[in-house]
Amino acid sequence: MKPDKKTPHLMQVSASRYLTRNMIRVTLTGDAIKDIPTGCEGANCKIFLPRPDQPQDEFVAQLRDGPRPTVRTYTVRYIRPDMGEMDIDFVDHGDAGPASAWARRAEIGGFCGFAGPGPVKVPAFYADHYLIAADMSALPVAAATLEAMPRTARGVAFFEINHPDDAQEIDAPTGITQHWLIHLDTHAPSRQLVDMVQSWDWPAGCVQTCIAGESTAIKALRSFLMTDKGLPKNDCYISGYWKVGLVEDEHQQMKRAEAAA
């Protein structure tokens, strides 16, 4: 670990449950949470993962001295600073992915490292209409954004989930119409979100977006929104969170290369 990096905070697992068929909600506790400002739901954070059966004192030393543990990017779903608690939602990919495997076995007394959070993705709401689109990986940021909106907000939300039982209750404004789409083959790219956004009856006025998910779909949506619809960059949050066939480190490297091109 680089010496100029702050040591990640140690977090304890205080609860874990299946929120839906393929989404696990893990509640973390730690003194550092009490110093995080409220309103950071939807912001990215880094989760540092211990090895299976790794002793806590050994993991704490690794956080401090390196080498850096396996780290993955997640979203703050809920935070309760007065209680020193936050909720992180994990898609259950089985035991193949390190974060999914950790979340599947998480239980009270478990632990991980935490760094962040960063800034929220949609810091201000000023549009006439809102366009939300997310697959399972981006449901937490989409849901947090919807719940932070003014109750008078209008627009549409398209969610792509892995099973009908993955639909969630989201406290969205009543003026936001929600559509739940099913994509069973998570190993193949999907065009459902692209097709739904492109067929949306585009309204007059300012449109703000919160769109995230698999990079192939995101690339097509970015082109449609920026080129075909001419949306200003400041009105759009749109981000690829993963790519079929790549682990996170490979995907982040791909994104950096594309940004530099």
Side-chain angles (χ1 to χ4, degrees), residues 13-28 41-42 45 47 49 72-79 85-108 110 112 121 130-149 155-197 199-200 210-218 221 239-245 247-248:
V13 175
S14 61
S16 178
R17 67 184 178 92
Y18 273 85
L19 183 66
T20 66
R21 181 187 179 97
N22 293 294
M23 188 76 83
I24 304 168
R25 175 163 294 170
V26 178
T27 301
L28 302 176
E41 287 86 351
C45 63
I47 301 296
L49 302 167
R72 292 292 183 263
T73 305
Y74 276 88
T75 297
V76 176
R77 183 62 183 92
Y78 290 110
I79 187 165
E85 290 184 346
M86 72 168 61
D87 298 330
I88 308 290
D89 291 351
F90 297 77
V91 180
D92 183 357
H93 298 296
D95 289 333
S100 173
W102 178 84
R104 284 162 59 90
R105 65 175 184 268
E107 56 186 18
I108 295 174
C112 66
K121 303 307 180 183
Y130 296 90
L131 171 60
I132 310 297
D135 64 13
M136 285 282 289
S137 72
L139 265 180
V141 68
T145 300
L146 284 165
E147 291 176 354
M149 283 181 183
V156 65
F158 301 112
F159 302 116
E160 185 176 84
I161 53 180
N162 299 348
H163 188 276
D165 291 342
D166 284 317
Q168 300 182 11
E169 291 290 333
I170 299 174
D171 184 20
T174 56
I176 303 290
T177 304
Q178 299 181 44
H179 301 272
W180 295 87
L181 317 171
I182 311 301
H183 178 56
L184 298 177
D185 186 1
T186 58
H187 299 290
S190 169
R191 277 197 57 89
Q192 286 189 112
L193 290 176
V194 178
D195 293 341
M196 293 298 287
V197 170
S199 64
W200 184 39
C210 179
I211 297 174
E214 200 277 328
S215 285
T216 303
I218 293 303
L221 286 170
S239 180
Y241 277 17
W242 65 288
K243 185 172 177 60
V244 171
V247 299
E248 179 170 328

Sequence neighbours left out, cut at 3.5 Å: what donor-acceptor pairs do the side chains of residues 138-146 make with other protein atoms?
unit_1: Thr145; atom_1: OG1; unit_2: Val141; atom_2: O; d: 2.7

Name all residues meeting the salt bridge (charged side-chain N to carboxylate O under 4.0 Å, His left out) criterion together with [X]; count only those two or more places apart in sequence or in a different chain, and write none if there are none.
X	answer
Asp165	none
Arg21	none
Asp87	Arg80
Asp171	Arg151

Can you list the residues that meet the side-chain contact (heavy atoms from CB on, under 4.5 Å) rule with [X], with sequence neighbours excluded?
X	answer
Leu181	Gln192, Leu193, Met196
Ala167	Ile161, Trp180
Ala99	Leu49, Arg72, Tyr74, Phe90

Inset, instruction - Would you sort out whether Val156 and Leu131 count as a side-chain contact (heavy atoms from CB on, under 4.5 Å), showing the intermediate values? - result: CA-CA 5 Å; Val156 65; Leu131 171 60; 3.7 Å; yes
Looking at every heavy atom in both [X] and [Y], which two are closest together, and how far apart are they?
X	Y	result
Gly94	Ser100	O-OG, 2.6 Å
Val76	Ile88	CA-CD1, 4.0 Å
Thr20	Gln168	CG2-CG, 3.7 Å
Val26	Ala106	CG2-CB, 4.3 Å
His183	Ala188	NE2-O, 2.9 Å
Ile24	Ser16	CG2-OG, 3.8 Å

Can you name the side chain to side chain donor-acceptor pair (under 3.5 Å) partners of [X], sequence neighbours left out?
X	result
Asp89	Arg25
Arg105	none
Ser190	Glu160

Inset, instruction - Mind jotting down which residue pairs meet the salt bridge (charged side-chain N to carboxylate O under 4.0 Å, His left out) criterion with at least one end in residues 174-190? Sequence neighbours excluded, please. - result: none
What's the separation between atom [atom1] in [X] and atom [atom2] in [Y], rounded to the nearest 0.5 Å?
X	Y	atom1	atom2	answer
Lys121	Ile211	NZ	CD1	14.5 Å
Asp166	Leu19	CG	CG	9.0 Å
Thr73	Trp242	OG1	CH2	15.5 Å

Heavy atoms, side chains only, cut-off 4.5 Å: are [X] and [Y] in contact?
X	Y	result
Met23	Tyr18	no
Ile182	His163	no
Ile108	Ser14	no

Inset, instruction - Any chance you could lay out the side-chain contact (heavy atoms from CB on, under 4.5 Å) test for Trp102 and Val13, step after step, and finish with the verdict? - result: CA-CA 11 Å; Trp102 178 84; Val13 175; 3.8 Å; yes
Legend entry - Residue pair Asn22 / Asp92, side-chain donor-acceptor N/O under 3.5 Å: no
Inset, instruction - Please lay out, stage by stage, how Phe159 and Ile170 fare under the test side-chain contact (heavy atoms from CB on, under 4.5 Å). - result: CA-CA 11 Å; Phe159 302 116; Ile170 299 174; 3.8 Å; yes
Inset, instruction - Check whether any side-chain N or O of Ser239 sits under 3.5 Å from a backbone N or O of Ala212 as a donor-acceptor pair, and report yes or no. - result: no
Inset, instruction - Apply side-chain contact (heavy atoms from CB on, under 4.5 Å) to the pair Glu41 and Glu147, showing each step before the final yes or no. - result: CA-CA 9 Å; Glu41 287 86 351; Glu147 291 176 354; over 6 Å; no
